[in-house]
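Quick note on labels: first sequence line is chain A, next is B, and so on, each numbered from 1.
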Amino acid sequence: MKNQIVSERFKEMATMLELKGENPFKVRAYNKAAQNIESISEDIEKVAAEDRLTSIPGVGKDLAEKIKSILETGTFKEYDELKAQIPEGLLKIVNIPGVGPKRAALIHKELGITSEEELKEAAQKGLLRNLPRMGAKTEANILRGIEIWQQARARKPLGITLPIAKEIINNIKSIGKVHTIDVAGSIRRRKETNKDIDILASAEDPENIMKGFTKMPMVKEVLLCGSTRSSIIIEQDLQVDLRIVPDESFGAALQYFTGSKNHNIHLRTIAEKMGLKVNEYGVFRGNNRIAGKTEEEVYNSIGLPFIAPELREDKGEIEAAQSNSLPELIEQKDIKGDLHMHTKWSDGANTIMEMAETARKLGYSYIAITDHSQSLTVANGLTPERLLEQIKEIDKINEIIEGITILKGMEVDILSDGSLDMPDEVLQKLDVVIAAIHSGLKQPEEQLNARILSAIRHPLVNIIAHPTGRIIGERDRYPVDLRAIMQEAKLRGVAIELNSFPNRLDINDEGCRLAREIGVKVAINTDSHLKDQLINMEFGVATARRGWLRAGDVINTMPLKELKKFLYKEGIQ
DNA sequence: GCCGTTTTCGGCCCGACTGTTTTCAGTCG
């Protein structure tokens with residue numbers, strides 16, 4: 001997959017054009033294309049080979065040619081030309097908070113600075129304050145910007161940011177009378193990683209709330225503090241923005257600050273054609289506010305139904321809203337069980353009983369116990385003999401436990417030759433067989449594909465676990481052909497897992513859209529190793545929603561009876 | 001550089017905050 005490489009080139013191109021003071025819309029064109037190329041689930045080389053590059057939104061004739069050039073040579077002419085003119089270090093300093101293209105260019109021109117280190121040194125020596133329209137404060141801000149940038153280079157997973165956001169909202173509520181408060185930004189859209197935390201509120205006494213907000217115990221630094229907007233850095237090195245707006249504008253502001261940027265641009269373009277203006281205070285016809293108190297109002301006022309935040313990426317949701325064909329998205333309450341979890345029998349921390357009781361409290365009617373198989377020695381994987389013992393124990397627990405059914409399962413390894421790490425006659429005694437790759441991750445694409453495909457064709461396999469193997473911020477996905485895997489899985493009555501572990505989310509949102517397109521069923525599982533991780537289902541459901549999935553696309557929304565029909569492959573040859 | 005229910009040219013979202021300035025440029029989201 002060279003999607004990332006193409007995307008990087010275009011992003012860098014955009015930055016260089018910005019530094020040259022080029023047409024900002026050209027800059028945006030490159031950035032938008034980069035973003036879309038990064039997020040499509042298909043291999044860009046395949047799209048190029050099939051001459052479908054211009055079907056990617058934001059890619060026209062010109063960029064299509066440039067993509068081909070990147071795929072063949074790793075670069076393209078205009079990129080090389082600009083690259084030759086612009087010092088490498090300049091590209092780095094332009095990303096530092098407080099330094100934009102104008103200042104980067106000025107700093108470079110006047111002081112000859114070409115790197116982050118040189119900039120830091122110059123700021124420490126007080127050389128920046130003498131430049132036009134810059135002073136001691138700007139200089140200090142840039143110095144601070146370098147620090148922030150070094151710390152926060154990595155986006156943080158939703159599994160970290162969402163709980164913090166919830167905690168901060170509770171804190172703010174305790175400061176004074178808050179009318180309405182909600183998280184906005186990429187967290188509200190449930191994007192898998194977030195750069196910062198955006199919170200929006202309306203309140204009795206905004207000044208007081210703002211003051212309290214900047215004085216919370218977790219605050220490490222106050223970046224700015226106004227009556228409508230404040231920004232802080234918290235202990236976890238995350239930036240948190242709080243905005244306070246009037247009640248009558250809350251919906252408009254929530255819509256605006258939830259984004260995404262591309263979704264909002266598209267929305268405003270539609271509004272403009274209707275003679276309306278949309279900003280964070282409302283929807284206006286001339287000076288008349290015609291909507292703004294709720295998000296529903298805002299969408300309705302421009303002729304659209306409410307669009308769920310998870311869909312707001314300008315990837316077809318606005319068109320779907322216009323034609324009244326938005327999907328009825330899956331919700332947490334649709335989930336009837338969790339089909340992937342571990343216990344003390346392998347590398348989990350809790351007993352079968354503890355897992356079952358926690359799941360029952362979550363309102364589930366079934367779970368599957370799916371410990372590892374023997375080849376995964378590091379995880380204390382089960383031999384056939386131990387699995388048979390575990391089966392007996394589950395039978396016993398099922399007899400005494402009430403209100404929940406425990407399905408017998410295993411997360412069985414797909415070995416290097418594509419065979420399963422457990423004899424068929426033992427697997428046959430199980431209700432759920434999950435097949436997964438945990439070894440030989442460095443094998444070439446063809447071999448990995450072949451292993452997974454052969455597991456899918458095994459008549460006893462029900463689910464393929466974490467199909468791409470990526471771990472956010474640690475390990476790239478392995479180069480498997482997700483489309484081919486899904487097509488085969490659909491044919492064989494096998495489900496594809498959406499692993500809800502916050503640093504996995506595998507398949508991801510784009511994978512979900514592909515699954516929906518192909519029509520393969522998805523299993524949203526937590527892969528819990530502790531009973532406390534069962535609540536991670538929230539992240540899987542959120543990702544499924546971002547991937548346009550409905551309850552009917554997901555097997556663990558089925559009642560047990562129906563699920564069993566799926567697991568026993570009734571009607572599949 | 002893209003794009004089209006104002007279509008092949010001329011648009012492309014818009015306001016807050018800061019720091020510098022004496023009316024606004026730069027950055028950010």
Worksheet item: Taking the same atom, C1', in B:dT8 and in B:dC14, what whole-Å distance lies between them?
Response: 28 Å
Practice prompt. Would you mind reading off the distance between A:Gln35 atom CD and B:dG1 atom P, rounded to a whole angstrom?
Written response: 19 Å
Fill in: Distance-only donor-acceptor check, side chains A:His263 and A:Glu313, under 3.5 Å
no
Worksheet item: Can A:Arg190 be said to sit on top of A:Phe539's aromatic six-ring, NZ or CZ under 6.0 Å from centre and within 45° of the ring axis?
Response: no
Discussion item. If the test is side chain to side chain contact (heavy atoms under 4.5 Å, CB included), which one of A:Lys83, A:Lys66, A:Met16 qualifies with A:Glu78?
Written reply: A:Lys66
List the atom pairs, with distances to 0.1 Å, where a side-chain N or O of residues 208-215 of chain A and a protein N or O form a donor-acceptor pair under 3.5 Å, not counting sequence neighbours.
{"from": "A:Thr214", "atom 1": "OG1", "to": "A:Met210", "atom 2": "O", "distance (Å)": "3.3"}
{"from": "A:Thr214", "atom 1": "OG1", "to": "A:Lys211", "atom 2": "O", "distance (Å)": "2.9"}

Fill in: DNA chain B: 5'-proximal contact among A:Pro57 and A:Glu280 (nearest heavy atom)
A:Pro57
Worksheet item: Given A:Thr526 and A:Asn536, is the side chain to side chain donor-acceptor pair (under 3.5 Å) satisfied, shown in steps?
Response: CA-CA 6 Å; A:Thr526 62; A:Asn536 282 339; over 6 Å; no
Worksheet entry | Whole-Å distance separating the CE atom of A:Met134 from the P atom of B:dT18 | 18 Å
Worksheet item: Using atom C1' of each nucleotide, how far apart are B:dG1 and B:dT5 to the nearest Å?
Response: 23 Å
Item to complete: Answer yes or no: does a side-chain N or O of A:Tyr281 lie under 4.0 Å from OP1 or OP2 of B:dA16?
Response: yes
Worksheet item: How far does CZ of A:Arg103 sit from CD1 of A:Ile96, to the nearest 0.5 angstrom?
Response: 12.5 Å
Discussion item. Please give the distance between the P atoms of B:dG4 and B:dC13 as a whole number of Å.
Written reply: 14 Å
Discussion item. Which is it for B:dT20, anti or syn, if anything within 90° of zero counts as syn?
Written reply: anti
Practice prompt. Could you work out which one of B:dA16, B:dT18, B:dC14 sits closest to the side chain of A:Asn141?
Written response: B:dT18
Worksheet item: With respect to the phosphate group of B:dT20, does any side-chain polar atom (N or O) of A:Thr138 fall under 4.0 Å of OP1 or OP2?
Response: yes
Worksheet item: Contact class for A:Gly98 (heavy atom, under 4.0 Å): base, sugar-phosphate, or nothing?
Response: sugar-phosphate
Item to complete: Give A:Ala136 one of three labels, base, sugar-phosphate or nothing, depending on what nucleic acid heavy atoms sit under 4.0 Å from its own.
Response: sugar-phosphate
Practice prompt. Using the P atom as the reference point in each nucleotide, state the distance between B:dG29 and B:dT22 in Å, no decimals.
Written response: 28 Å
Worksheet, complete the sentence: Taken to the nearest whole Å, CZ/A:Arg144 to C1'/B:dC28 is 17 Å
Fill in: Heavy atoms from other residues, nucleotides or ligands near NZ of A:Lys120 exceed 12 (cutoff 6.0 Å)
no
Fill in: Integer angstrom distance from the C1' of B:dG15 to that of B:dG10
25 Å
Discussion item. Regarding A:Lys261, tell me which of base, sugar-phosphate or nothing describes its non-hydrogen contacts under 4.0 Å with the strands shown.
Written reply: base
Worksheet item: Is there a side-chain polar atom (N or O) of A:Thr269 under 4.0 Å from OP1 or OP2 of B:dC12?
Response: no
Fill in: Separation of B:dT27 C1' from A:Asn95 CG (nearest whole Å)
13 Å
Worksheet item: Does a distance-only test, which skips hydrogens and angles, find a donor-acceptor pair under 3.5 Å between the side chain of A:Tyr256 and the base of B:dG29?
Response: yes
Item to complete: Evaluate the side-chain proximity of A:Leu131 to A:Leu111: yes if any heavy-atom separation is below 4.5 Å, no if none is.
Response: yes
Worksheet entry | Distance between C1' atoms of B:dG11 and B:dA25 (Å, rounded) | 25 Å
Worksheet item: So, is A:Lys61 near the phosphate of B:dC3, with a side-chain N or O under 4.0 Å from OP1 or OP2?
Response: no
Discussion item. I want to verify a distance call: between B:dC12, B:dG29, B:dT27, whose nearest atom is closest to the A:Lys195 side chain?
Written reply: B:dG29
Worksheet item: Is any side-chain heavy atom of A:Asn23 less than 4.5 Å from a side-chain heavy atom of A:Val27?
Response: no
Worksheet entry | Phosphate-side-chain proximity, A:Asn279 and B:dG15, N/O vs OP1/OP2 below 4.0 Å | yes
Worksheet entry | Rounded P spacing from B:dC17 to B:dT23 in Å | 23 Å
Practice prompt. Send over the distance from A:Arg103 CZ to B:dT18 P, rounded to a whole Å.
Written response: 13 Å
Worksheet item: Do A:Arg133 and B:dC24 share a donor-acceptor pair, side chain to base, under 3.5 Å?
Response: yes
Practice prompt. Output yes when at least one side-chain N/O atom of A:Arg28 is less than 4.0 Å from OP1 or OP2 of B:dC13, else no.
Written response: yes
Worksheet entry | Candidate nucleotides B:dG15, B:dG29, B:dG19, ranked by approach to the side chain of A:Lys137 - the nearest | B:dG19
Worksheet item: Between A:Ile265 (CD1) and B:dC13 (P), how many Å, whole number?
Response: 5 Å
Practice prompt. Select one nucleotide: of B:dT20, B:dC2, B:dT18, the one nearest the side-chain heavy atoms of A:Leu224.
Written response: B:dT18
Item to complete: Classify the nucleic acid contact of A:Pro132 as base, sugar-phosphate or nothing, counting any heavy atom under 4.0 Å across all strands shown.
Response: nothing
Fill in: Whole-Å gap separating P (B:dG29) and CG (A:Leu200)
16 Å
Worksheet item: Do we see a donor-acceptor contact under 3.5 Å between the side chains of A:Gln85 and A:Lys20?
Response: yes
Fill in: Pairing partner (Watson-Crick or G-U wobble, both distances under 3.5 angstrom) of B:dC9
B:dG4
Practice prompt. Would you kindly give the CD1-to-P distance between A:Ile318 and B:dC13, to the nearest whole Å?
Written response: 12 Å
Worksheet item: If you measure from the C1' atom in B:dC12 to the same atom in B:dT18, how many Å do you get, rounded?
Response: 27 Å
Worksheet entry | N or O in side chain of A:Lys102 less than 4.0 angstrom from B:dC24 OP1/OP2 | no
Write out a two-atom table: protein N or O, nucleotide N or O from nucleotides 5-11 of chain B, distance below 3.5 Å.
none

Practice prompt. Check whether any side-chain N or O of A:Asn264 sits under 4.0 Å from OP1 or OP2 of B:dC14, and answer yes or no.
Written response: no
Discussion item. Does a side-chain N or O of A:Lys66 approach OP1 or OP2 of B:dG1 to a distance below 4.0 Å, or not?
Written reply: yes
Worksheet item: Heavy atoms under 4.0 Å, any strand shown: does A:Leu223 hit a base, just sugar-phosphate, or nothing?
Response: nothing
Worksheet entry | A:Arg52, CZ atom: more than 12 neighbouring heavy atoms under 6.0 Å | yes
Worksheet entry | A:Gly58 vs A:Arg268, nearer the 5' end of DNA chain B by closest nucleotide | A:Gly58
